[in-house]
S.K.: 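Encoded as structure tokens, here's the structure I'll be asking about.
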Amino acid sequence: FLFPLTLPNSYHFGYVEIQPPKLLCPHKQFDLHKNAYGYFNNSEQLAAVNNGGQYSNHCDSKHKQRVAIIVPFRNRTEHLKIFLQHMHSFLIKQNQIDYQIFIIEQADDKPFNRANLLNIGFQESIGLDHKIDCFIFHDVDILPMNIEQTYSCTKLPKHLCSYLDKFRFVLIYPTLFGGAITISAEQFRQVNGYSNLYSGWGGEDDDFYQRVQHQFGLIERYPSDVARCIMIKHGHDGPSNVERQKLLADVLGRMSIDGLSTLNQTYVRKSIESYPLYTKIRAELN
Ligand code: UDH
Ligand code: NGS
């Protein structure tokens, strides 16, 4: 029988669809040159980036955010080069935030631990710049295509790039929270960051979704024509985490005792290096 539908159609299972926020400053008027793969590279704009991969947009708004872009990394130098050119070109044209790109390199041969590296990126970048108020955790192989996909924090933690070319621009499941996300510094502290225990591929983003869902109820996404991204093609280059289902069975039980609160015992910082387009932080995991 007929049931009165009271929820606005922006609500979906697990997330709410939002429109990009009102622009603080107009987009910059230069063309984003795309190569045959659709990657951006605007060399004139890249010259505007300060050493360490920092950019200030000179946009005079009291709502302007100071954003750290945190990228987990090991042995993906070819992706990194494309990512840096594309991301700086994109963000400078978008013209909404002051930002710095931090590459967090796992400096050991243990299974890759993406979430642990993201926590390290949070702690180390805040240590370098206390004024950072928004975080974008971003894989090195994902590139935004649509300039309307505004890279900044909104009310709730938000999934970016929900619609990937690799999956023919379909959201593969409604609670997907991997690849690229935004979250305020305060919200990240409230969920105790990511779990440090997901060693190897898979599950750490689903764990983080549960933390955020528990704390804030929903995540946000932009519409499917806006949140479109390219994924640089590559094979699977690391072991899957065979423990992930076990860990996912008790996410909330561990939330307060596994994350930022236990981060210091999980790594040793090896170096902080400034390059023209990024700051690299190398860490050895325990
Ligand atoms: N990363 C590295 N080096 C690695 C592994 C991961 O830098 O050796 C970083 C990088 O930023 C990458 C991100 O972690 O974008 C995510 O890792 P991924 O690209 O390997 O994972 P993704 O889920 O793709 O994007 C995996 C390919 C298909 C997995 C199929 C599993 N059955
Ligand atoms: C899920 C994984 C996530 C992963 C997502 C998309 O199955 O970590 O696939 O992966 N969860 C588990 O393994 C429990 S993708 O195909 O895009 O590489 O993010």
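Predicted model, so just to flag it, every value in this text is computed and none were measured. Both ligands and their constituent atoms are indexed starting at 1 by order of listing.
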S.K.: With atoms numbered from 1 as shown, which atoms in ligand 1 lie under 4.0 angstrom from a non-hydrogen atom of D141?
M.R.: 15 (O), 19 (O), 25 (O)
S.K.: Fit a plane to each ring of Y194 and F208, take the angle between them on a 0 to 90° scale, and name the class: parallel (under 30°), tilted (30 to 60°) or perpendicular (over 60°).
M.R.: parallel
S.K.: Do the two ring centres, one from F102 and one from F137, sit under 6.0 Å apart?
M.R.: no
S.K.: Out of N119, N116, D258, which residue meets the side-chain hydrogen bond (donor to acceptor under 3.5 Å, both in side chains) rule with T266?
M.R.: N116
S.K.: Quick one: does ligand 1 sit under 4.0 Å from the side chain of H79, the backbone, both or neither, non-hydrogen atoms only?
M.R.: neither
S.K.: Within the 3.5 Å criterion, strictly below it, is a donor on H33 or Y39 matched to an acceptor on the partner's side chain?
M.R.: no
S.K.: Please determine, by modelled atom types, if E204 and S195 share a side-chain donor-acceptor pair under 3.5 angstrom.
M.R.: no
S.K.: Atom CD in E220, atom SG in C153: separation rounded to 0.5 Å?
M.R.: 10.0 Å
S.K.: Please could you name the atoms of ligand 1 that R76 approaches to less than 4.0 Å, counting only its heavy atoms?
M.R.: 2 (C), 3 (N), 4 (C), 5 (C), 6 (C), 7 (O), 10 (C), 12 (C), 15 (O), 18 (P), 19 (O), 20 (O)
S.K.: I'd like to know whether ligand 1 has H138 as a neighbour, heavy-atom separation below 4.0 Å.
M.R.: no
S.K.: Report all N/O contacts between ligand 2 and the protein shorter than 3.5 Å as a table of atom names and distances to 0.1 Å; if there are none, say 'none'.
M.R.:
unit_1, atom_1, unit_2, atom_2, d
ligand 2, 8 (O), G203, N, 2.8
ligand 2, 8 (O), D205, OD1, 2.6
ligand 2, 8 (O), D205, OD2, 3.4
ligand 2, 11 (N), D206, OD2, 2.6
ligand 2, 13 (O), R244, NE, 2.5
ligand 2, 13 (O), R244, NH2, 3.4
ligand 2, 19 (O), D205, OD2, 2.5

S.K.: Tell me whether the centres of the aromatic rings in Y222 and H159 are closer together than 6.0 Å.
M.R.: no
S.K.: Looking at residues at least two apart in the chain, or sitting in another chain, which of them share a ring-ring contact (aromatic ring centres under 6.0 Å, His included) with F167?
M.R.: none
S.K.: Is V140 in polar range of ligand 1, meaning some N or O pair under 3.5 Å apart?
M.R.: yes
S.K.: Could you check whether Q149 and Y163, counting side-chain N and O atoms only, form a donor-acceptor pair closer than 3.5 Å?
M.R.: no
S.K.: Would you indicate which of K166, R114, K233 comes nearest to atom 28 (C) of ligand 1 when only heavy atoms are counted?
M.R.: K166
